[in-house]
Amino acid sequence: MRKGNARMELETKRLLLRPWQTEDAGWLYEYAKDPAVGPAAGWPAHRDIEESRALICTVLNGPACYAICEKVCDHPIGAIELKLSEKTELTDWAAECELGYWLGRALWGRGIMTKAVEEMCRTGFEAWDIVRIYAEPFAHNAGSRRVLEKAGFAFSH
């Protein structure tokens, strides 16, 4: 059982994590069309803005799926989600969840995703009764593995 509302906005000193809106489709497309972004996260680069708009309505609308925005510009630069379902490929019960994320390539290496991951995990543990969070970066994605290490994740299997 989850406490609180998973659709609340989350904030760090420099980031706002907020639910995706269909009006964000242009920004999503700008980053998601980059062939270095999607494949690193396990999905193909977007072909057009309509594909991005459809993704907002069908995939990026989970109860704990957020657009990552820098407060200085307030438009999406990436996404982060805790999959709060009963079971995923990595989880076995409701108090466990899986973490997924991506960030526009122009913003890599600035510590943005580490801060977003830390905030999502803090909220998951404190507000949503999560006891374990799993993440599984692709073997070729060293940057994603580094984000998890910096955010305090430990290799389990």
Side-chain angles (χ1 to χ4, degrees), residues 1-12 15-71 73-108 112-125 127-130 132-141 143-145 147-148 151 153:
M1 177 151 180
R2 312 252 185 257
K3 294 187 284 188
N5 178 0
R7 295 304 288 179
M8 63 189 160
E9 290 186 349
L10 308 175
E11 288 188 52
T12 71
L15 300 177
L16 173 67
L17 308 180
R18 63 164 174 79
W20 283 89
Q21 304 164 359
T22 55
E23 297 82 22
D24 295 327
W27 290 108
L28 173 57
Y29 179 63
E30 278 305 306
Y31 295 110
K33 70 182 179 181
D34 184 338
V37 173
W43 41 269
H46 289 199
R47 295 178 304 266
D48 57 45
I49 195 169
E50 291 308 316
E51 183 176 4
S52 296
R53 185 172 288 112
L55 193 76
I56 289 170
C57 295
T58 59
V59 176
L60 298 177
N61 64 351
C65 184
Y66 292 91
I68 300 169
C69 306
E70 287 184 293
K71 288 182 178 178
C73 62
D74 193 39
H75 64 73
I77 58 174
I80 190 162
E81 178 178 21
L82 285 176
K83 297 176 184 173
L84 300 176
S85 65
E86 293 293 319
K87 183 169 174 29
T88 71
E89 290 180 19
L90 298 178
T91 64
D92 290 323
W93 55 301
E96 296 179 327
C97 66
E98 184 177 341
L99 174 71
Y101 50 84
W102 64 265
L103 187 67
R105 181 174 21 176
L107 300 140
W108 292 356
I112 292 169
M113 189 53 74
T114 300
K115 293 299 178 192
V117 166
E118 289 170 349
E119 180 60 20
M120 281 296 285
C121 291
R122 183 197 63 75
T123 300
F125 293 131
W128 301 331
D129 291 337
I130 301 299
R132 187 170 293 120
I133 298 173
Y134 292 98
E136 184 177 32
F138 290 101
H140 65 274
N141 194 337
S144 186
R145 284 193 315 277
V147 164
L148 295 171
F153 275 70

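Residue numbers start at 1 and run along the sequence shown.
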Which pair of heavy atoms, one from Ile68 and one from Leu17, lies closest together, and at what distance? CG1-CD2, 3.7 Å
Could you tell me which non-hydrogen atom of Ile133 sits nearest to which non-hydrogen atom of Leu82, and how far apart they are? CG2-CD2, 3.8 Å
Could you pull out every donor-acceptor pair under 3.5 Å between side chains of residues 31-44 and any protein atom, sequence neighbours left out?
unit_1 : atom_1 : unit_2 : atom_2 : d
Asp34  : OD1    : Ala36  : N      : 2.8
Asp34  : OD1    : Arg105 : NH2    : 2.8
Asp34  : OD2    : Arg105 : NE     : 2.9
Asp34  : OD2    : Arg105 : NH2    : 3.2

Residue list, side chain to side chain donor-acceptor pair (under 3.5 Å) with Glu50, at least two apart or on another chain: Arg53
How many angstroms lie between atom CD1 of Ile80 and atom CG of Leu99, to the nearest 0.5 angstrom? 5.0 Å
Do Leu28 and Asp24 have side-chain heavy atoms sitting under 4.5 Å apart? no
Which residues pass the side chain to side chain donor-acceptor pair (under 3.5 Å) test with Tyr101, sequence neighbours left out? Ser144
Closest non-hydrogen contact found for Leu60 with Ala79 is CD2-CB, 4.4 Å
If you look at every heavy atom in Arg47 and Tyr29, which pair is closest and at what distance? O-OH, 3.5 Å
Of all heavy-atom pairs between Cys97 and Ile130, which one has the smallest distance, and what is that distance? SG-CG2, 3.7 Å
Taking Lys71 for its side chain and Thr12 for its backbone only, find out whether a donor-acceptor pair lies under 3.5 Å. yes
Could you report the tightest heavy-atom contact between His75 and Arg18, atom names first, then the distance? CA-NH2, 4.5 Å
